[in-house]
Amino acid sequence: MSESVLNNKSNKKALIAMSGGVDSSVAAALIADRGYDCMGCTMRLYENDVIGEDLFGTCCSLNDTQDARAVCEKIGIPYNIYHYEAEFREKVIEPFICSYENGETPNPCIRCNRYLKFDSLYNKAKELGYEYIVTGHYARIEERDGKYYLLKAKDLNKDQSYVLYDLTQEQLAHTFFPLGEYTKNEVRAIAEKKQFVTSHKSESQDICFVPDGDYAAMIRRYRDKEYEKGDFVDTEGNVLGTHEGIINYTIGQRRGLGIPADRRLYVKQLDVKNNRVILADNKDLFEKEFIIRDFHWITGDVPAEPMRCSAKIRYRHKEQPATLEVLSDGKAKITFDEPQRAITAGQSAVLYDGDIVLGGGIITNE
């Protein structure tokens, strides 16, 4: 959010999403220091039975809520826990599992941001009389000529704009990302200076409800079922071996295939209809064109003609030059200048113009 908006604090109230980590702790402190009337809160998203293990060490753990509460006490602001288990099951976990069952590889953080943090929590803020919600995301928001723009963070190594491309104009107008102007080292230094219990806390690198990284085991527990085995085949249809169920594989995967071969083979396609996993050489994984669905353009001014941009096809992918063509039925076509490896259905393609996030959508199997 621009400095002018942040500093216009007359009668402004902000609800802070507190995960119990260092980033949200510092985000809360920065907004409180600007004189906003703040309250911290933790969103309780799931119980032990969902992930199949103790919640200690995950973002909904008792330790994390205790840390978030301690930070709020240190800052001098109230703190609450709000329960969104049902919404999280419906909006995040079920689509996550269905995506894998349909041969896709989802990014649940994007749906969590869209439906939980910036919908359910935003509505809670309005209900409580808070005009803004605040999170510890590394991104920036700027207002220009009455439009709100989402921008990359100053610290490009921590930039999280990719997982925020679904935000609407209304949501951007009522959201602060105070960490967007800071590096991670600067954030930790602020936490140390304020003596927060979270100042040296390590970061979680996994999906919050799959803390051990074994998403397939989590899906089997959640569905209480085993998935049917099928054939590994090459691009000619020749059977190479037996796979352990479609949910265990993603495009570009090499490890864990468990079949003998005279060369390195990679997952090229998941044929859900015939329960086959198609393998190929690495060179066969490169493509230039693909279709996205659920296309979202942040400013609402959807381009009528093909336009140049850059695009990322996964969180850690380095954006590449491309051309965007908007289609009908909420779809768009993206064509890279150069072929990219393992364009994967279920992931999001996010479009940029320099530091500005233009929008994006979900990569399809089309």
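Given the structure is predicted, the values throughout are model-derived calculations rather than measurements.
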Q. Pairs in or reaching into residues 335-354: which pass salt bridge (charged side-chain N to carboxylate O under 4.0 Å, His left out), with residues at least two apart or in two chains?
A. R308-D337
Q: Check the pair I93, M218 against side chain to side chain contact (heavy atoms under 4.5 Å, CB included), reporting the backbone distance first and the verdict last.
A: CA-CA 10 Å; I93 294 179; M218 177 268 166; 3.9 Å; yes
Are the side chains of [Y] and [X] in contact, using a 4.5 Å heavy-atom criterion?
| X | Y | result |
| --- | --- | --- |
| K331 | E366 | yes |
| L279 | V277 | yes |
| Y132 | I31 | no |
| E87 | L116 | yes |
| L151 | S161 | no |
| I298 | T168 | no |
| T235 | I278 | yes |
| L358 | W297 | yes |

Q.
Is it the case that atom NZ in K184 sees more than 12 heavy atoms from other parts of the structure closer than 6.0 Å?
A. yes
Q. Counting heavy atoms not belonging to K193, are there more than 12 under 6.0 Å from its NZ?
A. no
Q: Given side-chain hydrogen bond (donor to acceptor under 3.5 Å, both in side chains), test T335 with T323 step by step and report yes or no.
A: CA-CA 5 Å; T335 304; T323 299; over 6 Å; no
Within the side chain of [X], is there an N or O that forms a donor-acceptor pair under 3.5 Å with the backbone of [Y]?
| X | Y | answer |
| --- | --- | --- |
| K147 | D301 | no |
| D212 | D214 | yes |
| H296 | L167 | yes |
| R140 | K152 | yes |
| H174 | E131 | yes |
| S199 | Q195 | no |
| T175 | V134 | no |
| H243 | G245 | yes |
| N102 | C98 | yes |
| D271 | N275 | no |

Q. Are the aromatic ring centres of F290 and F336 under 6.0 angstrom apart?
A. yes
Q) Are Y182 and F177 an aromatic pair by the rule of ring centers under 6.0 Å? A) no
For the hydrophobic clusters of this structure (ILVMFWY residues joined by side-chain heavy atoms under 4.5 Å, transitively), does one cluster hold both [X] and [Y]?
| X | Y | answer |
| --- | --- | --- |
| I251 | I362 | no |
| L285 | V267 | no |
| I141 | V357 | yes |
| L45 | Y82 | yes |
| L150 | I110 | yes |

About how many Å separate [atom2] of [Y] and [atom1] of [X], when rounded to the nearest 0.5 Å?
| X | Y | atom1 | atom2 | result |
| --- | --- | --- | --- | --- |
| S310 | Y352 | OG | OH | 8.0 Å |
| I356 | L351 | CD1 | CG | 13.0 Å |
| E228 | I247 | CD | CD1 | 12.5 Å |
| D159 | L156 | CG | CG | 6.0 Å |
| T250 | L270 | OG1 | CG | 7.0 Å |
| C109 | Q160 | SG | CD | 9.0 Å |

**Q.** Test log, rule side chain to side chain contact (heavy atoms under 4.5 Å, CB included), inputs I363 and I292
**A.** CA-CA 4 Å; I363 300 171; I292 59 175; 4.2 Å; yes
Q | Chi angles and distances behind the side-chain hydrogen bond (donor to acceptor under 3.5 Å, both in side chains) call for N63, D67 | A | CA-CA 6 Å; N63 285 345; D67 288 346; over 6 Å; no
Is a donor from one side chain sitting under 3.5 angstrom from an acceptor on the other, for [X] and [Y]?
| X | Y | value |
| --- | --- | --- |
| D23 | Y138 | yes |
| Y227 | E244 | no |
| T42 | T65 | no |
| Y222 | R89 | yes |

Q: Before accepting this row, confirm whether a basic side-chain N of the pair D329/R293 lies closer than 4.0 Å to the acidic partner's carboxylate O.
A: no
Q) Picking from Y162, Y315, Y165, what satisfies side-chain hydrogen bond (donor to acceptor under 3.5 Å, both in side chains) with S348? A) Y165
Q.
Tell me which one of R314, E287, K318, H317 satisfies side-chain hydrogen bond (donor to acceptor under 3.5 Å, both in side chains) with Q340.
A. H317
**Q.** K194 and I75: CA distance, side-chain angles, deciding distance, side chain to side chain contact (heavy atoms under 4.5 Å, CB included) verdict
**A.** CA-CA 9 Å; K194 292 183 176 293; I75 296 172; 6.0 Å; no
Q: Check the pair T183 / N185 against side-chain hydrogen bond (donor to acceptor under 3.5 Å, both in side chains), numbers first and verdict last.
A: CA-CA 5 Å; T183 66; N185 288 339; 5.3 Å; no
Q | side chain to side chain contact (heavy atoms under 4.5 Å, CB included) evaluation trace for M18 with V71 | A | CA-CA 9 Å; M18 306 282 288; V71 168; 3.9 Å; yes
Q: Evaluate the ring planes of F88 and Y46, with Trp represented by its six-membered ring, and classify them as parallel (under 30°), tilted (30 to 60°) or perpendicular (over 60°).
A: tilted
Q: For the residue pair Y100 and F96, categorise the inter-ring angle as parallel (less than 30°), tilted (30 to 60°) or perpendicular (more than 60°).
A: perpendicular
Q: Tell me, please, whether Y130 has K13 positioned over its six-membered ring: NZ or CZ under 6.0 Å from the ring centre and within 45 degrees of its axis?
A: yes
Q: Quick one: do Q171 and Y148 satisfy side-chain hydrogen bond (donor to acceptor under 3.5 Å, both in side chains)? Show the steps, please.
A: CA-CA 9 Å; Q171 290 164 342; Y148 288 89; over 6 Å; no
